[in-house]
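All values below were derived from every heavy atom in this structure, side-chain atoms included, with hydrogens, water molecules and symmetry-related copies excluded.
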Amino acid sequence: MPSPSPSPAAPALPISEHEDEIIAAVEANSVVVIIGETGSGKSTQLSQILHRRGYTRRGAIAVTQPRRVAAVSVSRRVAQELDVPIGDEVGYAIRFEDRTSERTCIKYLTDGVLLRESLSNPELKQYSVIILDEAHERSLNTDILLGLMKRLIKDRASDLKVLITSATLDGLKVSRFFSGCPVLNIPGTLFPVEKFYSTERPTNYIESSLRTAIDIHVKESPGDILIFVTGKDDIDKMVSKLEERIQNLEEGSCMDALVLPLHGSLPPELQASNCYCCIFDLLLALFPVRVFAPAPPNCRRFIVATNVAETSLTVDGVVFVIDCGYVKQRQYNPTSGMYSLDVVQISRVQADQRAGRAGRTRPGKCYRLYPISIYEKEFLEATIPEIQRSSLAGSVLYLKSLNLPDINILKFDFLDPPSRESLEDALRQLYLIDAIDGSGQITDVGRIMADCEKLPLEPSLSRTLIEANELGCLSQALTVAAVLSAEITMRSTKSNDMEGKRKRQELPDGSGWGDHIQLLQIFECWEQTGYDPKWCVDHDLQVRSMKFSKDVRKQLSQIIQKIAKGPTDVNSRYGWKSDPDYRKLRRALCIGYGNQLAERMLHHNGYHTVGYRSQLVQVHPSSVLESDEYGKYPMYVVYHELISTTRPYMRNICAVERAWVEPILKKLEKLDINRLSGGSSSVKDSEPLDVEDKQVISPEKALDTKQSEVESKIQAARERYLARKGKK
DNA sequence: GAGCACTGC
């Protein structure tokens, strides 16, 4: 038996003093909002309180978490406090892992898992209480759950309790959303953090952070410094400059220093010491994920981090925080169908969250590299919720597949509704991949897809799998879907890394058909080695993401075998022997990605996207798509995503054929957004979709490319083509 | 010929 826990002393938690108040509110209301700051104990105690008071007699308590590690570590903690083995009365369910049993009455799960559960059981009858924890993070899934809960409490008014708990969520707003439900405030255990503001925005925030950090190091008492920057490049720059400046300090003038980078793509073994994958301090003693040796005594750590350190990872020992006031954020533009990754100002909630990182162990200090006027007047109150920054095709299909009565997607009750453009964009996408018909009704294919939505995939890929099953290339399509989900990446991407470049050149090249085919070939090669991690390293591939894609593939195979009516072949390998040009697979991809189709320009290698508001885009330079003997790319391609960086690019591309594209073009002509959204009653909203809409900007202008440049590019592509042929 | 914040099913 493991030694007993270092006596967590639950009574010391602020929430215990409010037990009667909480129970009274829950007794009298279907929905209660609980605002509890860090360290209030809400995540571990609320479920236990309700359990003690008999709420588990008629069903289990579900507690959602936005992150897997949180679901696991919090449930372990609760099991320990109740002195039961995990998986019995207390359990957790996350993707790939279900540690629950029939006896489980307190169940921690990720919000995504609860959404999946409600597909097979829309009323969620197994639960008497549903607690949405950390709702202030406003993940896409939490927001959908909030809308579903609002519907559910009407149907189950007598036997369901919903608790919405968070650190800083605007309680009044949520209360209004749930027709004036009560809001309880539970204090936290954070220490005060003193805030200092700059008089103006620095022109160079790296330099400014650097100076502040050195200043703290020289003048302040011991305590680690956490520096928030926006990305990996800035982290690397900061780390090397910090080391250099610390070296230059007079010897013996201050304590030793250790500079550590911290961002999401670091391999776990390199992450900063004493980083804990837990959400609050009680857990720290129990589940440390210690990666470095702890800092030696009389040594100050400088942790240069992205916003992983804001919520996902807690660094112990931080007393000083330096906050540049920016964050890198991915956003989706529903009108162009394009993603971009932009550096934007953080919100006040985020700024306070960052500051709070300094006050976990003792009173701290936060240096904000912006004036207080910017904090007060320019920063948004809260971060724009994910639902307003993402493509909603998957979520809309999910809601349609719930078969809820009287559901009108455009009028679904969201806490913060996504824009009309965004919902219409989702409907258009679903129409183009045959999930809904011209009047917005779910189709036969859509019904199968609704089933397939049990597959954790975006709609394009579920549609591809259905088609692949028909065409007899399911096994290959499963691999492609799995590998794309894992976003396998090269380990080093620096262009000056000759070693990495050489390794990558030894990888299969998609036989010229594009990136989906290459990914398939890479996975099949790895499979042939018996999933040898060394093979990944030898070919500059991240072992972690390769293993993840293997897990995903296994999961997808299991699910599809359960839901498919006819026979499925998930394991046939090396389909290229019978289909050397991957025609079946590419055809399935063409149908699945009918909403992400592009047509090449006649005279150069630029493409325009096919569909609503056509965009001018280019093949991403990392693509292995091959041009023909004249240096031209294929006339039609489908792409996995559009990403706007220095230019608008298509990423992950597959060559398709004209004959396969025709039906999609025909569908486009018939598309009428008013019918799709079921809004035929309103004349005012009608804005007929014309094919003319597509011609927005002239190709040459948009691509900003002179004719001569185009010619030289084609010439270069042609030379590469000939060189490749020569090599073969 | 470019570059990738963070989650999750």
Side-chain angles (χ1 to χ4, degrees), chain A residues 64-71 93-98 109-119 134 137-145 228-236 262-266 277 305-313 326-331 339-344 346 350 383 385-386 389-390 394-395 397-398 452-459 461-462 481-482 485-497 501 542 545 548 551-552 555-556 559 605 618-624 641 643-651 709 712-713 716-717 720:
Chain A
T64 69
Q65 294 291 329
R67 274 173 294 281
R68 295 158 56 92
V69 271
I94 58 175
R95 185 176 187 177
F96 306 131
E97 206 182 349
D98 185 349
L109 29 62
T110 45
D111 43 21
V113 169
L114 186 62
L115 277 179
R116 296 283 143 192
E117 286 187 356
S118 79
L119 272 174
E134 311 290 338
E137 292 190 21
R138 301 294 305 276
S139 74
L140 183 54
N141 289 339
T142 302
D143 270 21
I144 292 171
L145 281 172
F228 283 101
V229 299
T230 61
K232 188 174 168 300
D233 282 358
D234 286 354
I235 289 177
D236 293 345
L262 181 60
H263 55 82
S265 52
L266 276 178
C277 300
T306 61
N307 48 336
V308 269
E310 220 170 85
T311 49
S312 311
L313 293 172
Y326 292 107
V327 68
K328 218 177 261 188
Q329 211 171 59
R330 188 177 153 100
Q331 3 227 17
Y339 280 96
S340 58
L341 198 64
D342 308 316
V343 173
V344 298
I346 57 173
Q350 256 180 307
T383 311
E386 206 185 341
R389 292 186 280 120
S390 330
S395 303
L397 182 58
Y398 170 84
C452 278
E453 272 308 285
K454 286 172 193 152
L455 292 166
L457 289 175
E458 51 205 285
L461 289 172
S462 339
S485 307
E487 288 185 55
I488 63 162
T489 38
M490 308 300 171
R491 295 170 76 240
S492 57
T493 45
K494 290 270 154 55
S495 52
N496 55 8
D497 181 353
K501 203 171 171 184
Q542 263 188 12
S545 52
F548 184 76
D551 287 345
V552 175
Q555 186 195 27
L556 296 178
I559 299 173
N605 271 337
Q618 300 223 341
V619 173
H620 196 276
S622 66
S623 177
V624 293
E641 70 171 358
I643 176 108
S644 175
T645 50
T646 51
R647 278 179 170 182
Y649 286 113
M650 298 181 283
R651 248 187 11 189
E709 223 179 295
S712 66
K713 274 180 191 160
R720 281 199 300 279

Trainee: Going by the rule side chain to side chain contact (heavy atoms under 4.5 Å, CB included), which residues pair with A:Val344 if we only count those two or more places apart in sequence or in a different chain?
Mentor: A:Val327, A:Gln329, A:Gln331, A:Asp342

Trainee: Using atom OH of A:Tyr398 as one end and atom P of B:dG8 as the other, report the distance to the nearest whole Å.
Mentor: 18 Å

Trainee: Let me see the working for A:Tyr649 and A:Ser622 under side chain to side chain donor-acceptor pair (under 3.5 Å), right down to the final yes or no.
Mentor: CA-CA 10 Å; A:Tyr649 286 113; A:Ser622 66; over 6 Å; no

Trainee: Relative to the 5' end of DNA chain B, which residue comes earlier, A:Arg389 or A:Thr110, by the nucleotide with the nearest heavy atom?
Mentor: A:Arg389

Trainee: Nearest whole Å is fine: how far is B:dC4 P from A:Asp234 CG?
Mentor: 12 Å

Trainee: Please state how far atom CG in A:Leu140 lies from atom C1' in B:dC9, giving the value in whole angstrom units.
Mentor: 11 Å

Trainee: Starting at atom CD of A:Glu458, determine the distance to atom P of B:dC9, rounded to an integer number of angstrom.
Mentor: 15 Å

Trainee: Taking the minimum atom-to-atom distance to the side chain of A:Pro621, which one of B:dC6, B:dG1, B:dC9 wins?
Mentor: B:dG1

Trainee: Under 4.0 Å between a side-chain N/O of A:Arg651 and OP1 or OP2 of B:dA2, yes or no?
Mentor: no

Trainee: In chain order, what residues pass the side chain to side chain contact (heavy atoms under 4.5 Å, CB included) check against A:Ala482, with sequence neighbours excluded?
Mentor: A:Val552, A:Arg553, A:Leu556

Trainee: Starting at CZ of A:Phe228 and ending at P of B:dC6, how long is that distance when rounded to a whole Å?
Mentor: 12 Å

Trainee: Would you indicate what A:Ser139 reaches in the nucleic acid, counting non-hydrogen atoms under 4.0 angstrom: base, sugar-phosphate, or nothing?
Mentor: nothing

Trainee: Once you round it to whole Å, what is the distance between P of B:dG8 and CD of A:Glu386?
Mentor: 11 Å

Trainee: Counting just side-chain N and O atoms, does A:Ser485 come under 4.0 Å of either OP1 or OP2 of B:dC9?
Mentor: no

Trainee: Once rounded to the nearest 0.5 Å, what's the spacing between atom CG of A:Asn307 and atom NZ of A:Lys328?
Mentor: 10.5 Å

Trainee: Taking the side chain of A:Ile94 as its heavy atoms from C-beta onward, which of B:dC9, B:dC6, B:dA5 lies nearest to it?
Mentor: B:dC9

Trainee: With a 4.0 Å cut-off on N to O distance, would you call A:Arg68 and A:Glu97 a salt bridge?
Mentor: no

Trainee: Mapping A:Arg330 and A:Val113 onto DNA chain B by nearest heavy atom, which one lands closer to the 5' end?
Mentor: A:Arg330

Trainee: Please tell me which of the listed nucleotides, B:dG8, B:dG1, B:dA5, lies nearest to the side chain of A:Arg67?
Mentor: B:dG8

Trainee: Grab the CZ-P distance between A:Arg68 and B:dC6 for me, whole Å please.
Mentor: 17 Å

Trainee: Check this one for me: any side-chain N or O of A:Ser622 less than 4.0 Å away from OP1 or OP2 of B:dG1?
Mentor: no

Trainee: Looking only at the side chain of A:Val308 (C-beta and beyond, no hydrogens), which of the listed nucleotides B:dC6, B:dA2, B:dC9 gets closest?
Mentor: B:dC6

Trainee: How many whole angstroms separate atom CD of A:Gln65 from atom C1' of B:dC9?
Mentor: 16 Å

